[in-house]
Structure formats: C-alpha cells, structure tokens
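Take a look at the structure set out below.
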2 protein chains.
Amino acid sequence: MTEYNTPQDPAGRSATRNSNDSVTLADVARLAGVSTITVSRALNYPDKVATKTLEKVNRAISQTGYVPNLLAGGLASRRTRLIAAIIPSITNLVYAETIQYFSNSLNESGYQVLLGESGYPEQSEQKLISTVLSRRPDGILLTGVNHSADCRRLLLAANIPLVETWDLTPTPLDTVVGFSHERIGVAVADFIASKGYQHVGTIIASDRRARFREKVMINRLEMHGIEDVLRSEVSVPTNLHRGRSGLASLLDKGFRHGVIWCSSDILAHGALIEAQSRGIKVPQELAIIGFGDQNFAVDTYPALTTVRIDRSRMGSIAANILLARIAQQELKEHVIDVGFEIIERETT
Amino acid sequence: MTEYNTPQDPAGRSATRNSNDSVTLADVARLAGVSTITVSRALNYPDKVATKTLEKVNRAISQTGYVPNLLAGGLASRRTRLIAAIIPSITNLVYAETIQYFSNSLNESGYQVLLGESGYPEQSEQKLISTVLSRRPDGILLTGVNHSADCRRLLLAANIPLVETWDLTPTPLDTVVGFSHERIGVAVADFIASKGYQHVGTIIASDRRARFREKVMINRLEMHGIEDVLRSEVSVPTNLHRGRSGLASLLDKGFRHGVIWCSSDILAHGALIEAQSRGIKVPQELAIIGFGDQNFAVDTYPALTTVRIDRSRMGSIAANILLARIAQQELKEHVIDVGFEIIERETT
DNA sequence: TTGAAAGCGATACCAA
DNA sequence: TTGGTATCGCTTTCAA
C-alpha cells in the first residue's frame with residue numbers, strides 16, 4: 001500500500017522528495033546528463049571541467065533556475081563563505097561605515113557578512129557570539145578588545161580567524177587592527193594645551209572607550225596645568241539633540257570660553273548648533289573638537305576640529321587579514337595600528 | 001600503516017572525525033548517556049523532555065561547550081531562523097534604523113538578519129538576491145517595489161514569505177509595508193502652496209524614489225500656479241557636504257527667497273549650514289524642508305520642516321508579518337500603509 | 001576529466 | 001518520554 005502513496009514524479013525527480021520542491025544539484029545533474037559532483041565542480045572550479053561539459057551544466061542551471069544551497073555546501077565543506085561582524089550599533093555611522101568597507105572587500109572574494117549588534121546590554125555579548133557562531137562563520141570581526149572570559153573561551157574554541165578592531169592591545173586574541181584611544185587622549189590634550197586654551201569641557205557618551213579617552217586626556221591636561229575640566233555625560237545612542245543639550249548643560253554650569261571635547265562628531269555637531277543658536281562664535285569664543293570624522297565634519301564645518309579615524313583602511317585591512325588567514329597564510333604582524341589624525345581647518 | 005596514523009581518541013570520539021574537532025550533538029549525547037534526538041529535543045522543545053533528562057543534557061552541554069550547528073539543523077529542518085533584508089545602503093541612517101527595529105523584533109523570536117546592500121550598481125540586484133537566497137532564509141525583506149522580471153522570478157521561486165517596504169503598490173509580490181511617495185509629493189506641494197511660497201527649489205539625490213517624489217511635487221505645484229522650480233541633483237551617497245553644495249548651486253543660479261525641498265534630512269541639514277554661513281535667515285528668508293526625520297532633525301533644528309516616516313513602526317510591522325507568515329498564518333491585508341507626517345516646528 | 005560512495009551534523013518520522 | 005533510521009543537499013576522498 002504505502003508504495004502507492006508515493007506518487008510517481010513525471011519530471012523524473014526522486015520520489016523521496018519533500019513538499020518543498022526547490023531545485024537541487026541532482027536535478028541539474030540529471031538534466032545535464034552528468035553526475036552531481038561534476039555540477040558542483042562546474043560551479044566551484046570551472047577550470048577543472050571540460051568546456052563542453054561546462055556548457056551543458058550551465059544550460060541546465062539556467063533552465064532550472066538552480067540556486068545553490070549553501071547550508072548543504074557549508075556543512076559538507078566546512079566553509080560557509082560567511083564572516084561574522086560584531087559591532088555596537090548599526091545606526092552609528094562610524095561603525096556602519098567600517099562595516100561597509102569591510103563588507104565590500106569581502107563581497108569581492110565571494111564572502112558575505114553576518115552582522116551582530118552588541119549594543120544591547122539586555123542581550124549578553126556571550127549569547128550574541130554564541131548565536132553567531134552557530135552559523136559557523138569562516139571568520140569573525142569584533143569591535144573592541146575587552147571581552148569576558150566566557151566570550152574569549154567561546155571565540156577561541158571556534159578556532160576560526162578573528163580580528164579585533166576599533167582599539168589596540170599588545171595581546172590580541174588573534175589579530176587586532178585599530179588605533180590607540182590612549183594616544184588619542186594624550187594627543188588631544190597636547191593639542192589643546194598647544195592652542196593655549198585655559199578652560200576645557202567635555203561632552204562624552206556613556207561608552208567605555210569614550211570615557212577612557214576622556215580620562216587619559218584629563219590626566220594629561222593636568223600635566224599641562226589645566227584642571228577643573230567641566231564634564232557632561234550623555235546617554236547612548238548619541239544624536240544631534242544630545243550634543244545640543246550636552247553643551248547647554250555645560251553652559252548652564254557656567255562654562256564660557258575655551259574648548260569642548262566631544263566623544264563623537266555627532267555630539268560635536270549638536271554642540272555647534274547649540275552654540276550658534278546662542279550666538280556664541282565658534283571657534284573664536286568656543287572651540288569644539290569632535291571624534292571620528294563622521295559626515296565629513298570638518299569639510300562641512302570648518303569651525304570644527306576632529307580626530308580622523310580611517311574607517312576605510314581599518315575595514316579593508318581587517319577583511320584582507322581574515323581572507324589571508326582563511327587561506328592559511330601566516331601573518332607577520334598581529335597588531336596593526338591604523339593611527340589617527342587631528343584635523344583642523346580654521347584656526348582661531 | 002595508515003591505521004596507525006589515525007590516533008586513538010581518548011575522549012571516546014568517533015575515529016572518522018576530521019581534523020576540525022568541534023563538539024557535535026553526538027558528543028553531547030554520548031556524555032549525557034542519551035540519544036542525539038533527545039539532545040536535539042532538549043534544545044528545541046525542552047517541555048517534551050523529562051526534567052531529569054534535561055538536567056543531564058544541560059550539564060553535558062555546558063561541560064563540552066557545545067555550540068549547535070545551524071547549517072546542519074537548517075538543512076534537516078528546512079528552517080534556518082535567518083531572515084534576509086535587502087537595503088540600498090547601511091550607511092544611510094533611515095535604512096539603518098529601519099533594519100535596527102526590524103532586527104530587534106526578529107531577534108526576540110530567535111531569528112537573525114542577513115543584510116544585503118543593493119546600492120552598488122556594479123553588482124546586479126539579481127545576483128545579490130541569488131546570493132542571499134543561497135543561504136535559504138526563512139523570509140526576506142526588500143526595500144522598494146520595483147524589481148526586474150528576473151528578480152521577481154527568483155523571489156517567487158524561493159517560495160518564502162516576503163515583505164516589500166519603503167514604498168507602496170496595489171500589487172505586491174507578497175505583502176508591502178510602506179508609504180506612498182506620490183502622496184508625499186502631493187502633500188508637500190500643497191503644504192508649500194498653503195504657506196504662500198512663490199519660489200521653490202529642490203535638492204534631490206540621484207535616487208529613483210527621491211526623483212519620483214520630486215516629479216509628483218512639481219506637477220502638483222503647477223496646479224497651484226507655481227512653476228519654474230529650480231533643481232539641483234546631487235549624487236549618492238548623500239552627506240552634509242553635498243547638501244551644502246546643493247544649496248550653493250541653487251543660490252548661484254539666482255535663487256533668493258522661498259522654499260527648498262531636499263530629498264533627505266541630511267541634505268536639508270547641509271543646506272541649512274550653507275544658508276547660515278551666508279547669513280541667510282532660515283526659515284524667514286529661506287525655508288528648508290527635508291525628508292525622513294533623521295537625527296531628530298526638527299527637534300534639533302526647529303527651523304527645519306520635514307516629512308516624518310515612522311521607521312520603528314515600519315520595521316516592526318514588517319518583522320511581525322514575516323513571523324506570522326512563517327507560522328503559516330494568513331494575513332488579512334497585504335498592503336499596509338504606515339503613512340507619513342509633515343512636521344513643522346517654527347512658523348515663518 | 002569524470003564518477004561512486006561516504007560523510008558533514010542535525011531533524012523528521014515512526015516505533016517502542 | 002525516548003530512540004533508530006532515513007534523510008536534508010552538498011563536497012570530500014579515492015578510483016577509474
């Protein structure tokens with residue numbers, strides 16, 4: 001009886017197929033009159049297949065509208081052509097841009113990027129990483145170098161190439177491509193001192209690295225004899241509005257002349273708007289320094305100064321390192337500093 | 001000889017294993033003293049497993065540091081818990097925000113989002129979709145409603161729930177959640193006319209939907225007796241700088257008083273900066289209208305007017321529709337208009 | 001240059 | 001409540 005319940009397949013398909021009738025490699029192979037492995041090779045290593053066979057296969061592929069199943073392929077080959085990237089937030093332009101460059105470089109080599117957002121404290125980073133690893137990416141990009149012991153264990157156990165970015169450490173998990181927040185704090189303090197500013201204020205996002213840069217800067221300023229830095233901390237996600245109110249709060253606390261350091265250009269930009277609306281001259285009365293070189297900040301607003309981070313370089317270097325590691329190449333350096341630059345257009 | 005090359009496995013693992021020694025369901029099962037299917041159930045349907053068994057399994061899982069392989073799971077179950085999303089650009093805040101809301105809603109239900117950027121004409125949308133479909137997502141979100149015949153074929157053949165966004169059509173491929181660019185064009189024209197502006201200029205990105213809104217608006221303005229709209233088209237990706245130069249070019253062409261419509265808030269914002277730098281009063285001498293309500297534009301700059309699109313609603317509705325469709329629920333409506341709103345703070 | 005057979009690591013289906 | 005067995009669709013390995 002049961003045998004009769006399995007309907008004959010007029011298209012010649014296997015009778016064991018489920019209801020979902022997507023085209024498989026076997027279908028293509030049958031139509032082309034070759035074996036499945038030949039079709040697989042035609043797709044992955046076209047040079048290893050005779051031209052005539054290749055033509056037959058390609059014809060069969062376009063006739064059937066075959067779309068490869070990378071789940072099956074990845075399972076069998078242990079190569080998913082997927083790279084995971086963990087960033088704090090997709091709506092923060094500096095991270096989004098980094099990922100865009102990263103992603104573009106990888107796409108060219110046939111890889112796709114699986115994005116994970118770590119900026120939600122409700123969801124632990126560990127759970128996020130675990131979820132992402134369950135897709136068996138061939139490599140992974142992380143933002144920052146501080147990970148819990150559990151995360152480190154998880155990442156190392158995955159045994160895949162790994163790049164940390166957006167920070168620097170002498171002891172990366174694998175390889176780090178970033179810049180030194182400490183050196184930025186020092187450089188900005190020195191810059192401020194060299195300009196002769198007496199009063200310094202900060203508008204800083206509630207973000208670990210932003211706070212660290214600020215701390216270093218404040219310490220360094222003391223060495224220059226500048227103390228009593230007025231602070232304003234704003235919550236994330238940062239936006240123009242919070243930059244405005246950050247400056248407003250500093251001004252309300254009595255800040256008048258001097259320089260303000262903001263932990264991102266979007267905050268700096270918001271502060272600039274607040275200053276303008278109060279008729280304060282920037283940079284003559286109040287100088288504003290940002291971070292990130294977002295939105296071509298200094299090109300658009302010559303009054304602003306910023307710390308430029310080369311996201312394009314960071315993203316593509318990270319991508320190339322992962323690709324090299326996947327191809328089993330050994331790296332000379334595991335700590336790559338892409339540096340930063342203080343960009344100033346107008347001078348007071 | 002060869003048999004001696006295969007080392008004995010002290011942990012009792014199968015000898016057929018490859019070099020990559022990641023923990024599998026079978027390893028967990030062996031350690032827990034149950035079958036693989038029981039471990040699978042403990043993970044996916046904990047209620048269907050006896051409490052004692054569950055404990056044993058969970059212990060084994062944490063002892064081994066097991067991370068499920070979703071490639072294998074997806075292949076076997078035909079459910080990947082992956083949803084694809086195609087957006088023009090990740091660095092455009094309005095799309096990034098939509099995806100963030102979309103993604104958050106899906107994460108809560110155990111789904112992950114696979115992102116694809118369609119804004120690169122070098123890579124055809126068809127190839128992008130094909131690549132994405134090869135991961136066998138359980139559903140897909142598209143931006144816009146215009147797709148080539150090849151793309152439509154590909155999408156329909158995938159036979160998965162599909163949501164189009166950021167536009168509206170009476171004939172969606174499956175379901176559409178968006179707003180009407182035509183109605184926006186009309187509404188903005190009517191708004192401009194109602195304010196009594198005589199001269200109208202536009203700063204528009206080289207983007208199909210942006211141009212369409214502009215075209216509709218210009219036609220509608222003619223009905224109000226307003227003609228000779230001065231245009232400035234800027235290339236994508238848009239940024240503050242291009243907004244500045246957009247307005248600069250209009251002013252150079254002789255534009256003086258009136259209103260400027262920009263195809264995005266970032267352009268509007270750039271235009272505002274240019275106006276301020278020239279000492280033009282906004283909105284008294286020159287009014288500026290944006291689009292998108294990006295960066296809390298009107299909260300920050302009361303001088304600006306914008307067209308608010310509720311990305312939060314659009315993203316989460318799109319997510320919920322996909323989830324419902326995946327759960328085999330039928331939908332009442334396949335065309336969902338999330339609407340828009342003209343937001344004005346200051347009046348001239 | 002091509003093919004046969006044995007997995008990859010999970011789940012579905014049916015039985016116990 | 002638990003388990004055996006047959007897949008899922010592809011690639012690897014080895015042979016022809």
Side-chain angles (χ1 to χ4, degrees), chain A residues 2 5-6 13-30 32-57 61 64 66-81 133-136 138, chain B residues 2 5-6 13-30 32-57 61 64 66-81 133-136 138:
Chain A
T2 49
N5 287 333
T6 308
R13 291 254 192 69
S14 152
T16 59
R17 179 170 300 292
N18 280 353
S19 61
N20 185 329
D21 57 353
S22 75
V23 182
T24 71
L25 206 62
D27 297 322
V28 175
R30 212 167 296 130
V34 296
S35 71
T36 59
I37 182 60
T38 299
V39 178
S40 171
R41 276 195 280 253
L43 248 27
N44 298 310
Y45 313 94
D47 332 330
K48 300 203 165 195
V49 171
T51 320
K52 289 218 163 182
T53 315
L54 197 57
E55 279 172 16
K56 276 193 298 184
V57 171
I61 287 176
T64 52
Y66 172 65
V67 175
N69 184 329
L70 258 49
L71 296 176
L75 181 59
S77 68
R78 296 162 173 287
R79 291 193 59 210
T80 53
R81 301 194 157 273
L133 288 179
S134 67
R135 307 275 175 196
R136 295 296 187 268
D138 291 337
Chain B
T2 49
N5 287 334
T6 309
R13 291 253 192 73
S14 151
T16 59
R17 180 169 302 292
N18 280 353
S19 61
N20 183 328
D21 57 351
S22 76
V23 182
T24 71
L25 205 62
D27 297 323
V28 175
R30 211 168 297 131
V34 296
S35 71
T36 59
I37 184 66
T38 299
V39 179
S40 170
R41 276 195 281 252
L43 249 26
N44 298 311
Y45 314 95
D47 331 332
K48 300 203 162 192
V49 171
T51 321
K52 291 217 163 182
T53 315
L54 197 56
E55 279 171 16
K56 276 194 297 186
V57 170
I61 286 176
T64 52
Y66 172 66
V67 175
N69 185 328
L70 258 48
L71 296 175
L75 181 60
S77 67
R78 297 163 169 288
R79 291 193 60 211
T80 53
R81 302 193 158 274
L133 288 179
S134 66
R135 307 274 175 198
R136 296 295 186 266
D138 292 337

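Hydrogens, waters and symmetry mates are skipped; everything else that's a heavy atom, side chains included, is used.
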From the list [options], which nucleotide is the closest neighbour of the side chain of [X]?
| X | options | result |
| --- | --- | --- |
| B:N69 | C:dA10, D:dG9, C:dT11 | C:dA10 |
| B:I37 | D:dG4, C:dG3, D:dT2 | D:dG4 |
| B:R41 | C:dC13, D:dG9, C:dG9 | C:dC13 |
| B:A50 | D:dT1, C:dC8, C:dG3 | D:dT1 |
| A:R78 | D:dG3, D:dG9, C:dG9 | C:dG9 |
| B:S40 | C:dA10, C:dT2, D:dG9 | C:dA10 |

Taking the side chain as C-beta and beyond, is there a heavy-atom pair between [X] and [Y] under 4.5 Å?
| X | Y | answer |
| --- | --- | --- |
| B:V49 | B:V57 | no |
| B:R136 | A:V67 | yes |
| A:T24 | A:N69 | no |

Side-chain N,O ([X]) to OP1/OP2 ([N]) below 4.0 Å:
| X | N | result |
| --- | --- | --- |
| B:S77 | C:dA12 | no |
| A:Y66 | D:dC10 | yes |
| B:T24 | C:dG9 | no |

Distance in angstrom units between [X] [atom1] and [N] [atom2], rounded:
| X | N | atom1 | atom2 | value |
| --- | --- | --- | --- | --- |
| B:R81 | C:dA10 | CZ | P | 15 Å |
| A:D27 | D:dG9 | CG | C1' | 10 Å |
| A:R136 | D:dC10 | CZ | C1' | 17 Å |
| B:L70 | C:dT11 | CG | C1' | 12 Å |
| B:K56 | D:dT1 | NZ | P | 14 Å |
| A:Y45 | C:dT2 | OH | C1' | 16 Å |
| A:L75 | C:dG7 | CG | C1' | 9 Å |
| A:L54 | C:dT1 | CG | C1' | 12 Å |

Checklist entry - Could you state the interatomic distance from CG (A:L25) to CZ (A:R30), rounded to the nearest 0.5 Å? => result 10.5 Å
Item to check | Donor-acceptor pair, side chain of B:S77 and main chain of B:G73, under 3.5 angstrom | outcome: yes
Next on the checklist: Assuming nearest nucleotide by heavy-atom distance, tell me which of A:L71 and B:D47 is located more 5' along DNA chain D.
Outcome noted: B:D47
Checklist entry - 5'-most contact on DNA chain D: A:A76 or B:T36, nearest heavy atom basis? => result B:T36
